[in-house]
Amino acid sequence: MTSPPVLLVIAHGSRDPRHAATVHALVRRVRAMRPDVRVETGFLDFNVPSVRGVLESLETEGVRDVVALPLLLTRAFHAKADIPAVLADAPPRLRIRQAEVLGPSPLLLSALERRLYEAGLTPADKSSTGVVLASAGSSDPEAIAVIAEIAREWRHTGWCAVRPAFASASLPRTEDAVRELRELGCARVAVAPYVLAPGFLPDRIARGAERADVLADVLGPSPEVARVLLERYDEARTPVLAAAVGA
């Protein structure tokens with residue numbers, strides 16, 4: 001029986017040790033959910049193992065099929081340029097498919113709400129609470145438009161209001177969105193970081209949330225994120241399986 005493709009989770013990496021720890025915790029959850037799939041982790045920068053190093057090791061072991069999954073919430077520069085460039089330089093005997101980024105997904109909205117409820121809100125608070133959807137930010141217009149659309153979609157689930165905010169590259173900042181929701185008349189304001197792991201930009205989001213009533217945790221290794229990751233893997237591996245059946 002043909003083994004399923006190896007799932008290579010590609011994380012950005014960070015000097016902040018909390019980043020890698022969170023990535024590894026998420027990968028452990030994914031492994032527990034799908035023990036039939038081999039899951040490896042590679043980093044683009046700052047941490048080891050590197051993506052290139054993992055790919056070379058897999059090729060040496062005789063692995064042939066790999067699904068490379070960007071641990072990213074939007075299709076910005078890393079997904080469009082950095083990761084394809086690294087994969088293009090992979091050992092030629094590897095058959096690699098790049099999966100789609102994680103967002104947008106209804107499961108990620110569920111994960112955001114999970115974090116808000118863990119921070120103290122309840123479903124009964126929704127209609128009187130304004131939420132700041134705080135992302136890392138990007139200079140890519142497509143990525144910014146996706147965040148704005150997620151905020152609009154989330155607003156329709158019952159929150160008083162939802163406003164996007166960005167820690168870098170784009171405006172408004174988290175503190176500006178908090179102030180806007182106050183002026184709008186929301187009884188309370190909550191900040192929901194739309195980021196996967198702690199680090200420099202999430203810390204900036206937290207500082208911008210000082211005047212909010214509630215600050216949720218990052219998405220981290222939540223079960224919803226792990227489920228999205230496996231969805232993207234299955235979507236990407238389907239053509240590989242079809243080719244194997246037809247061979």
Side-chain angles (χ1 to χ4, degrees), residues 14 16-26 28-30 32-33 71-74 102-137 146-168 170-229:
S14 171
D16 189 322
R18 296 174 298 168
H19 173 90
T22 302
V23 171
H24 291 311
L26 175 60
R28 286 195 297 271
R29 183 180 286 275
V30 170
M33 292 172 68
L71 198 59
L72 301 168
L73 294 172
T74 59
L102 301 184
S105 167
L107 283 169
L108 294 178
L109 286 181
S110 297
L112 287 167
E113 295 208 357
R114 170 194 290 273
R115 293 306 189 217
L116 286 170
Y117 296 150
E118 290 171 349
L121 292 179
T122 70
D125 297 322
K126 291 184 75 168
S127 63
S128 58
T129 302
V131 179
V132 178
L133 179 67
S135 77
V146 167
I147 299 299
E149 179 57 31
I150 292 171
R152 284 191 293 270
E153 179 182 340
W154 202 15
R155 163 69 181 85
H156 294 311
T157 65
W159 296 100
C160 174
V162 180
R163 295 289 187 272
F166 308 95
S168 68
S170 306
L171 296 174
R173 295 287 183 255
T174 302
E175 53 269 33
D176 299 326
V178 169
R179 184 172 57 253
E180 180 185 350
L181 290 172
R182 290 272 188 230
E183 294 171 351
L184 190 64
C186 297
R188 67 182 63 78
V189 176
V191 174
Y194 190 60
V195 292
L196 288 166
F200 175 75
L201 292 178
D203 284 349
R204 181 180 288 177
I205 289 171
R207 290 192 297 273
E210 288 178 353
R211 295 184 180 275
D213 301 294
V214 173
L215 171 62
D217 199 358
V218 299
L219 295 173
S222 66
E224 295 87 355
V225 174
R227 285 174 58 194
V228 175
L229 197 151

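A quick note: this is a predicted structure, and the numbers were derived from the prediction, not measured.
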Arg173 side chain to Ala165 main-chain N or O, any donor-acceptor pair under 3.5 Å? no
Rounded at 0.5 Å granularity, tell me how far CZ in Arg179 sits from CG in Leu181. 11.0 Å
Between Leu121 and Ala190, which heavy-atom pair has the shortest distance, and what is it? CD1-CB, 3.9 Å
Sorted by chain and residue number, the side chain to side chain donor-acceptor pair (under 3.5 Å) partners of Arg28 (sequence neighbours excluded) come out as none
Using the test side chain to side chain contact (heavy atoms under 4.5 Å, CB included), find all partners of Ser222 that sit at least two apart in sequence or belong to another chain. Ala111, Arg114, Arg115, Glu224, Val225
Hey, could you give me the CH2/CG distance between Trp159 and Leu116, rounded to the nearest 0.5 Å? 5.0 Å
Residue list, salt bridge (Lys or Arg N to Asp or Glu O under 4.0 Å) with Arg188, at least two apart or on another chain: Asp125
Over all atoms of both residues, closest heavy-atom pair of Ala209 and Val191: CB-CG2, 3.6 Å
Is any side-chain heavy atom of Leu196 closer than 4.5 Å to one of Leu73? yes
Do any pairs count as a salt bridge (Lys or Arg N to Asp or Glu O under 4.0 Å) and have a residue in residues 150-164, sequence neighbours left out, and if so which ones? Glu149-Arg152, Arg163-Glu180
Value for CG (Leu112) from OH (Tyr117), rounded to nearest 0.5 Å, stands at 11.0 Å
Would you name the heavy atoms of His19 and Ala197 that are closest together and state the gap between them? ND1-CB, 3.8 Å
Can a donor-acceptor pair be found, under 3.5 Å and without considering hydrogens, that links the side chain of Ser135 to the backbone of Phe166? no
Locate the shortest heavy-atom distance separating Ala151 from Leu133; write the atom from each residue and the value. N-CD2, 3.8 Å
Can you tell me how far apart CZ (Phe200) and CD1 (Ile205) are? Round to the nearest 0.5 Å. 11.0 Å
How close do Gly103 and Tyr194 get, counting heavy atoms only, and between which atoms? CA-OH, 4.0 Å
Straight-line distance of Leu107 CG to Leu229 CG, nearest 0.5 Å: 11.5 Å
Taking only residues two or more places apart in sequence or in another chain, which ones pass side chain to side chain donor-acceptor pair (under 3.5 Å) with Arg18? Asp16, Asp203
Extract all donor-acceptor atom pairs below 3.5 Å that involve side chains of residues 211-219 and protein atoms in other chains or at least two apart in sequence.
residue, atom, partner, partner atom, Å
Asp213, OD1, Arg182, NH2, 3.4
Asp213, OD2, Arg182, NH1, 3.0
Asp213, OD2, Arg182, NH2, 3.2
Asp213, OD2, Val189, N, 2.7

How close do Cys186 and Cys160 get, heavy atom to heavy atom, and via which atoms? SG-SG, 2.9 Å
Within the structure provided, determine whether Val195 and Leu201 are in side-chain contact (heavy-atom separation under 4.5 Å). no
